[in-house]
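Below: the structure, in structure tokens.
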2 protein chains.
Amino acid sequence: MAVGINKNKSLTVGELAQRCGVAISTIHFYEKKGLIEGWRTTGNQRRYGRQMLRRVAIIRVAQRAGVPLAKVKEHLDRFPRGTITAKEWAKLSQDWHDMLQDRIVALTQLRDQLGTCIGCGCLSLEDCPLRNPDDVLAEEGSGAMLLVD
Amino acid sequence: MAVGINKNKSLTVGELAQRCGVAISTIHFYEKKGLIEGWRTTGNQRRYGRQMLRRVAIIRVAQRAGVPLAKVKEHLDRFPRGTITAKEWAKLSQDWHDMLQDRIVALTQLRDQLGTCIGCGCLSLEDCPLRNPDDVLAEEGSGAMLLVD
DNA sequence: CCTTGACCTCAACTATGGTTCAGGTTGTAT
DNA sequence: ATACAACCTGAACCATAGTTGAGGTCAAGG
């Protein structure tokens with residue numbers, strides 16, 4: 001019954017889940033998706049190496065950064081099993097850093113456009129950057145897309 | 001056949017979709033969700049007032065800002081049908097601006113932590129802010145959460 | 001030994017935000 | 001008048017990211 005902290009070797013699914021702050025079902029899910037990997041006891045119970053703590057940690061960081069699991073898996077599959085070295089993690093975190101940077105820039109642009117619109121009575125004035133330019137674009141034959149990108 | 005641009009009054013579903021840069025099925029979907037509203041011809045075809053252009057535009061802006069549709073609906077329901085005034089839009093865009101600001105701050109923090117980790121060989125060093133503090137937190141009895149929040 | 005918590009599988013379900021398809025109807029240009 | 005584009009409905013399906021539940025097994029303390 002007692003969840004003894006097993007300082008030495010393998011982790012049960014419950015331990016891994018608790019230590020990573022996720023539900024057990026999430027660990028099952030990640031394993032089914034091939035994001036993490038472990039072995040089984042003779043009684044078919046999951047056991048994980050301690051490196052899976054880091055792996056789940058990385059998955060969670062990536063998710064916070066907005067990386068979908070499939071993308072995370074792609075990255076993690078480059079170091080198939082086990083430990084990710086500092087250098088490998090540096091590459092990963094550089095990639096995700098850059099992606100985050102892009103997302104931040106996009107959101108910041110949008111935020112600033114909203115800021116402008118608060119001042120301008122947006123979506124009703126001719127020069128509003130958020131305004132769908134209605135007939136203008138319609139007459140240009142384009143799809144009348146909202147905003148620049 | 002020809003999609004004549006009807007300068008004067010109502011918009012067909014296809015016109016609205018094209019002018020907003022979304023699929024027709026998306027317009028159907030938004031209508032079913034109660035996000036937009038129109039009327040029907042005697043032949044049961046959808047017609048929309050021009051104010052729906054702005055309404056769909058607002059929905060798309062909100063989505064880019066990460067507002068779920070249910071939330072958008074909540075906001076839009078405050079001005080039940082038709083035109084949203086400049087003042088009302090100002091309130092809306094202020095709210096979404098603030099929300100965006102929060103998200104930007106969160107992502108920026110994460111980005112900067114990733115930046116630190118690129119330098120520190122992250123997730124393997126004791127002082128890494130992204131590192132799951134493993135046994136430390138485990139011994140504190142907490143869930144060994146990743147990162148501060 | 002036996003209870004009890006932790007574990008197992010598989011299927012179904014949740015929510016979000018849509019898309020696709022089948023089968024049938026409308027509206028308009030020629 | 002007729003063809004053909006555009007429209008209609010409803011159900012099924014897609015992806016993402018899991019959660020929940022039923023029914024059964026494992027393992028460790030007393």
Side-chain angles (χ1 to χ4, degrees), chain A residues 1-6 9-48 52 56 58-76 143 146, chain B residues 1-6 8-48 52 55-56 58-76 143 146:
Chain A
M1 114 232 304
V3 181
I5 300 297
N6 202 345
K9 34 181 185 182
S10 62
L11 297 156
T12 68
V13 67
E15 284 163 355
L16 182 58
Q18 192 182 35
R19 300 275 289 276
C20 296
V22 303
I24 290 176
S25 61
T26 305
I27 299 294
H28 288 179
F29 180 74
Y30 288 168
E31 192 184 278
K32 207 162 41 189
K33 289 272 167 178
L35 285 156
I36 58 174
E37 207 175 351
W39 62 95
R40 300 297 180 109
T41 64
T42 50
N44 197 37
Q45 296 200 352
R46 290 171 177 85
R47 291 297 181 269
Y48 297 101
M52 285 307 138
V56 175
I58 290 171
I59 294 167
R60 291 268 119 187
V61 170
Q63 289 220 282
R64 296 212 324 159
V67 184
L69 289 182
K71 208 78 194 162
V72 176
K73 177 167 161 47
E74 252 176 57
H75 283 280
L76 290 181
L146 188 60
Chain B
M1 111 233 307
V3 181
I5 300 297
N6 200 346
N8 10 357
K9 33 183 187 179
S10 63
L11 298 157
T12 67
V13 65
E15 285 163 355
L16 182 59
Q18 192 183 35
R19 299 274 290 277
C20 295
V22 304
I24 290 176
S25 60
T26 305
I27 299 294
H28 286 180
F29 180 74
Y30 288 168
E31 194 185 278
K32 208 162 39 188
K33 289 274 167 178
L35 285 156
I36 59 175
E37 207 176 350
W39 62 93
R40 301 298 180 106
T41 64
T42 50
N44 198 36
Q45 296 200 352
R46 289 170 178 85
R47 292 296 181 271
Y48 297 101
M52 285 307 139
R55 219 170 158 99
V56 176
I58 290 172
I59 294 165
R60 291 268 118 187
V61 170
Q63 289 221 281
R64 298 210 325 159
V67 185
L69 289 182
K71 207 79 194 158
V72 176
K73 177 166 161 47
E74 252 176 58
H75 283 279
L76 291 182
L146 188 61

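Throughout, a chain's letter reflects where its sequence line sits, starting with A, and its residues are numbered from 1. Side chains are part of it too, since the values below use all heavy atoms of this structure and drop only hydrogens, waters and symmetry mates.
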Taken to the nearest 0.5 Å, the spacing of B/L35 CG from B/L76 CG works out to 6.5 Å

Should A/H28 be listed as having a side-chain N or O under 4.0 Å from OP1 or OP2 of C/dC8? yes

Whole-Å distance, A/N44 CG to C/dA6 P, equals 19 Å

Q. So do the side chains of A/V22 and A/R60 get within less than 4.5 Å of each other, counting heavy atoms only?
A. yes

Picking from D/dC8, C/dT19, D/dT20, the nucleotide nearest the side-chain atoms of A/S25 would be D/dT20

Please determine whether a side-chain nitrogen or oxygen atom of B/Q63 lies at a distance below 4.0 Å from atom OP1 or OP2 of C/dT16. no

Whole-Å distance, B/F29 CZ to D/dG10 P, equals 16 Å

Run A/L11 and A/M52 through side chain to side chain contact (heavy atoms under 4.5 Å, CB included) and show every step you take. CA-CA 9 Å; A/L11 297 156; A/M52 285 307 138; 5.7 Å; no

> Using a cut-off of less than 4.0 Å, is there contact between a side-chain N or O of A/T26 and OP1 or OP2 of D/dA17?
Replying inline: no

To the nearest angstrom, the CD1-P distance between A/I27 and C/dC7 comes to 11 Å

Rounded to whole Å, the NZ-C1' distance (A/K32 to C/dT9) equals 9 Å

With a 4.5 Å cut-off on side-chain heavy atoms, are A/Y48 and A/V56 touching?
no

Comparing A/P68 with A/Q45, nearest DNA chain D nucleotide closer to 5' gives the residue A/P68

To the nearest angstrom, the OH-C1' distance between A/Y48 and C/dC7 comes to 11 Å

note: B/K71, atom NZ; C/dA15, atom P; distance rounded to Å ~ 16 Å

Checklist line | Any A/Y30 side-chain N or O less than 4.0 Å from OP1/OP2 of D/dG18 | finding: yes

Q) At under 4.0 Å, does any side-chain N or O of A/R46 touch on OP1 or OP2 of C/dC7? A) no

Heavy-atom nearest nucleotide on DNA chain D taken for A/I24 and for A/R47; more 5' hit belongs to A/I24

Q. Hey, is the side chain of A/T12 poking within less than 4.0 Å of OP1 or OP2 on C/dA6, counting only N and O atoms?
A. no

Atom CG of A/L11 and atom C1' of C/dC7 are separated, to the nearest Å, by 15 Å

- Query: According to a strict under-4.0 Å criterion, is A/R60 in side-chain N/O contact with OP1 or OP2 of D/dG18?
  - Reply: yes

Assert: residue with more 5' nearest nucleotide on DNA chain C, out of B/V67 and A/R40, is A/R40

Of B/R55, B/R47, B/R40, the one forming a salt bridge (charged side-chain N to carboxylate O under 4.0 Å, His left out) with B/E31 is B/R40

A/R64 CZ to D/dA17 P, in whole Å, measures 16 Å

